[in-house]
Amino acid sequence: MERLSPIEKVRNFGIIAHIDAGKTTTSERVLYYTGKKHKIGEVHEGETTTDWMEQERERGITITSAAITAFWSPSYMPEGDTSKRCQFNIIDTPGHVDFTAEVERSLKVLDGGVVVFDGVAGVEPQSETVWRQADKYKVPRICFANKMDRIGASFDHCYKTILERLNKNCVRMQLPIGTEENHEGVIDLLRMKAYYFEGDMGNKIVEKDIPENLLADAKAARADTLERIVEHDDKLMNEYLEGKEINLDELKKVIRREVIANKLFPLFCGSALKNKGVQLVLDAVIDFLPAPVDIPPVKGFDPATEAELERKASDAEPLAAMAFKLQSDPFVGQLTYVRVYSGVLSSGSYVYNSTKGTKERVGRILRMHANDREEIQQVFAGEIAAVVGLKDAKTSDTLCDEDKPIILNKIVFPNPVVELKIEPKTKADQEKMSFALKRLSDEDPTFKVKTDEETLETIIAGMGELHLEILVDRMKREFGVNANTGKPQVAYRETVTTEAEAENKYIKQSGGKGQYGHCVLTVRPLKPLEEGAKIPKNVKRDDHFEFINSIKGGVIPQEFIPAVEKGVREALGKGIVAGFPIVDVSVELTFGSSHDVDSSEMAFKLAGSMAFQDACKRARPVILEPIMKVEVTTPEKFMGDVTGNLSGRRGQIEGMEDRYGVKAIKAKVPLSEMFGYVTTLRSMTEGRASFVMEFDRYEIVPKNVEAAIVAGKK
């Protein structure tokens with residue numbers, strides 16, 4: 001089997017944005033113009049391709065990211081000329097903060113992004129979140145100011161908010177011709193031409209001269225755009241200062257280079273719903289976003305030596321691929337979405353899962369078009385596909401060549417903040433429930449399932465009330481499980497605030513072989529790692545815990561040290577103050593002793609666990625609670641009521657700003673105070689206010705609240 005397109009002509013990009021900015025509508029236009037669909041589906045009619053789940057169609061929101069493969073030749077090429085035709089692998093991501101894991105994992109495996117903004121609101125809270133996520137993964141982006149046809153749309157406002165809140169290096173590539181109901185087309189500032197979208201569904205692009213009344217604005221905007229581009233290139237800068245006309249291809253080369261280096265973010269405009277401007281954004285994807293070969297090689301490490309390795313985007317390199325998403329498909333079973341970074345993945349072959357250290361057989365390989373599929377034999381470097389038949393692979397696992405193993409850097413997911421008790425309604429539901437919960441937690445790394453040791457109740461945890469509501473709904477529809485759920489609870493944590501030491505000797509003598517384990521531990525708050533800092537050999541560290549082995553002279557034999565660590569890790573699950581999991585602690589094993597006959601792993605594990613609990617009691621333990629970043633938009637007359645109510649919920653108001661006739665209030669509020677807030681807000685503001693919230697950080701709870709939490713636990 002041959003490649004559909006050479007690797008230089010592959011573009012892996014995602015469509016990312018705040019909820020309701022028009023990502024799915026834009027994706028539908030992309031499918032239509034690239035010939036993937038012959039009819040455009042609309043979100044408000046529940047007919048879209050990428051929102052294929054029942055829950056998505058009912059609610060009109062995107063819940064899971066959908067992958068599509070399509071092809072596009074730039075609209076400025078003569079008809080029939082496919083010399084610049086590119087293969088697009090597109091992922092439409094959710095905008096709702098509860099499904100942030102979907103965005104996180106998509107950005108990890110994509111090479112570029114199209115960030116969609118609402119032309120009325122400009123930058124919204126979730127736009128800032130996805131922008132920061134893209135910054136974290138160094139994803140090159142182009143911007144699209146959508147909804148230019150809406151009442152209140154303003155391209156200048158949108159551009160200004162991007163410069164102020166996201167990045168100073170955003171440059172305008174276009175201006176809209178008219179806004180609101182007069183929005184007719186766009187002006188291309190590089191070519192200095194006007195483009196109109198005529199014919200059925202705007203698929204006929206007509207080039208005309210710029211209307212007289214907009215010429216002066218276009219010239220001023222072009223001068224600003226050119227200045228901001230040429231400052232990145234000395235040769236072009238000299239030509240510009242000498243007053244020469246700069247060659248269009250030269251300009252595009254510089255823009256492309258700087259976009260890939262994350263130093264420029266071109267801004268386009270239009271209206272996806274009214275079929276204006278989307279094709280020119282697709283042209284920009286080809287012109288400015290990187291192919292897999294344009295970005296740095298993917299990094300990882302050798303599982304045996306932990307030496308850093310990298311893999312170039314080439315079919316000739318050894319295989320390196322990442323499983324970034326699991327999905328249950330009613331027709332083919334478990335699908336594992338993979339991004340192949342190097343080498344070739346073939347159906348029927350065996351691959352090595354270096355994260356788990358197991359071999360797996362690749363059954364079938366499918367190229368996905370949302371929930372439709374086409375069977376293929378091979379996936380090449382730089383491509384995305386779904387694999388059927390992998391049993392052990394989980395999100396973030398690396399699949400590679402057994403002779404040349406590599407573990408790619410993992411995707412880091414946020415911790416869940418809301419918990420629910422769940423129980424099956426009948427005996428028949430009980431078995432089905434545990435299967436369904438396992439399947440769903442495999443699919444979604446931010447969805448956790450645990451059992452309360454005291455009450456033996458099943459507790460599920462997720463990113464928000466909507467997240468858990470949809471998962472319970474999916475259990476019912478996809479797995480036929482009827483369940484009762486309790487009230488949402490906050491996922492509290494515990495930590496220590498000072499350093500303390502404790503010693504424990506576990507000695508048991510009862511005829512025959514006894515038990516002997518003795519260790520001394522020091523517990524202290526975990527300090528964040530400085531950038532670029534190397535972790536010493538005697539330290540094991542993950543996000544919220546570190547274990548330091550400082551044993552000298554073999555006072556505890558080497559084989560018993562992992563047992564002490566295991567005991568400590570088990571004790572992390574049950575805190576000192578109110579039994580919540582302990583996080584952000586550093587534990588140092590400093591001394592101990594052993595017995596030639598009686599020492600065992602079990603004895604050291606118990607000694608480690610008890611010493612850790614004793615040390616935590618002395619290290620001034622506290623309860624931590626999740627603090628949420630809340631933004632409320634409300635008409636001005638209700639502003640006093642809203643801010644007063646937020647303050648009454650232990651909220652800290654951080655700022656206010658005007659937004660087209662409404663006020664936006666930013667605050668940090670504990671999650672425990674935000675349950676049921678939507679009802680209160682609606683009744684306070686005649687249903688005219690709305691709010692968004694996302695997790696910000698964990699903070700120590702005040703003493704009076706801590707006392708109430710402890711009493712509630714008892």
Side-chain angles (χ1 to χ4, degrees), residues 3-16 23 26-36 67-92 109-116 134 139-146 171-174 186 188-191 193 195 197 202-205 207 225 229 247-270 272 275-295 313 380-384:
R3 267 185 174 280
L4 293 173
S5 305
I7 194 165
E8 298 76 30
K9 292 190 177 168
V10 172
R11 300 285 183 275
N12 297 310
F13 67 96
I15 297 180
I16 55 177
K23 295 175 299 301
T26 307
S27 304
E28 285 297 309
R29 299 314 182 262
V30 172
L31 292 183
Y32 177 75
Y33 296 130
T34 54
K36 270 280 154 227
I68 313 145
T69 300
F71 295 88
W72 179 249
S73 289
S75 61
Y76 52 77
M77 301 295 285
E79 208 160 304
D81 184 345
T82 58
S83 60
K84 281 196 168 182
R85 187 179 91 143
C86 280
Q87 174 185 339
F88 287 172
N89 297 318
I90 310 164
I91 293 186
D92 172 33
V109 298
L110 292 171
D111 305 332
V114 175
V115 189
V116 182
V139 176
R141 279 146 275 176
I142 57 179
C143 307
F144 177 51
N146 187 23
V171 292
R172 290 171 295 182
M173 293 287 148
Q174 297 175 340
V186 298
D188 186 321
L189 295 177
L190 296 187
R191 291 189 177 84
K193 289 284 181 194
Y195 290 92
F197 303 86
N203 46 12
K204 190 171 175 219
I205 303 172
E207 184 184 290
T225 296
I229 294 166
N247 176 296
L248 181 65
D249 289 338
E250 292 282 313
L251 258 181
K252 278 183 164 181
K253 270 187 194 150
V254 172
I255 298 169
R256 179 180 174 79
R257 186 186 74 212
E258 297 304 309
V259 167
I260 292 171
N262 270 303
K263 290 179 184 167
L264 268 188
F265 302 97
L267 174 64
F268 298 82
C269 61
N275 312 308
K276 290 180 172 60
V278 176
Q279 298 98 312
L280 302 186
V281 175
L282 296 183
D283 293 352
V285 168
I286 290 182
D287 290 341
F288 305 134
L289 286 184
V293 287
D294 296 323
I295 53 173
F380 298 92
E383 295 188 339
I384 290 171

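Taking 4.5 Å as the limit, every side-chain heavy atom of V259 sits out of range of all side-chain heavy atoms of F265. With contacts defined as side-chain heavy-atom distances shorter than 4.5 Å, the pair Y195/I205 qualifies. In this structure, the side chains of N262 and R141 come closer than 4.5 Å at one or more pairs of heavy atoms. Under the 4.5 Å side-chain criterion, counting only non-hydrogen atoms from C-beta, D287 is not in contact with I255. The closest side-chain heavy-atom distance from F380 to I7 is not below 4.5 Å. Side chains of Q87 and T69 form a contact here, defined as non-hydrogen atoms less than 4.5 Å apart. The shortest side-chain heavy-atom distance between V285 and I142 falls under the 4.5 Å cut-off. Side-chain contact between V116 and F144 is present, with at least one heavy-atom pair separated by less than 4.5 Å.
The two residues G113 and F13 make their nearest non-hydrogen contact at N-CB, 4.3 Å. Scanning all heavy atoms of the two residues, the minimum distance from A291 to R256 falls at N-NH2, 3.8 Å. Heavy-atom minimum distance, W72 versus I286: O-CD1, 3.4 Å. Residues P292 and N12 approach most closely at CG-ND2, 3.9 Å, considering heavy atoms. Shown here for V114 and V281, the closest heavy-atom pair between the two residues is CG1-CG1, 4.1 Å. For the residue pair A381 and A313, the shortest heavy atom distance occurs at CB-C, 4.3 Å.
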Evaluate the criterion side chain to side chain contact (heavy atoms under 4.5 Å, CB included) for residue pair F197 and V186; output intermediate values, then yes/no.
-> CA-CA 9 Å; F197 303 86; V186 298; 4.3 Å; yes
For the pair I68 and F88, evaluate side chain to side chain contact (heavy atoms under 4.5 Å, CB included) and give the outcome as yes or no after the intermediate values.
-> CA-CA 8 Å; I68 313 145; F88 287 172; over 6 Å; no
Going through the distances and angles, do R85 and M77 end up as a side chain to side chain contact (heavy atoms under 4.5 Å, CB included)?
-> CA-CA 10 Å; R85 187 179 91 143; M77 301 295 285; over 6 Å; no
How far apart are the C-alpha atoms of M173 and I229, what are their side-chain angles, what is the distance that settles it, and do they pass the side chain to side chain contact (heavy atoms under 4.5 Å, CB included) test?
-> CA-CA 11 Å; M173 293 287 148; I229 294 166; 4.1 Å; yes
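In this structure, E8 CD and C86 SG are separated by 10.0 Å, a value rounded to the nearest 0.5 Å. Taken to the nearest 0.5 Å, the CG atom of L282 stands 12.5 Å off from the CZ atom of R29. Distance check: I15 CD1 to T26 OG1 gives 6.0 Å after rounding to the nearest 0.5 Å. Note that the CG atom of D188 and the CD atom of E207 stand 8.5 Å from one another [nearest 0.5 Å]. Atom CZ of F268 is separated from atom CG of L280 by 8.0 Å, given to the nearest 0.5 angstrom. Rounding to the nearest 0.5 Å places CZ of F288 at 9.5 Å from CG of L264.
D111 contributes no side-chain N or O that, together with a main-chain N or O of P290, makes up a donor-acceptor pair within less than 3.5 Å. A donor-acceptor contact shorter than 3.5 Å links the side chain of Q279 to the backbone of G202.
Stacking of K252 on the aromatic ring of Y76 is recorded, both the 6.0 Å distance cut-off and the 45° axial limit being met.
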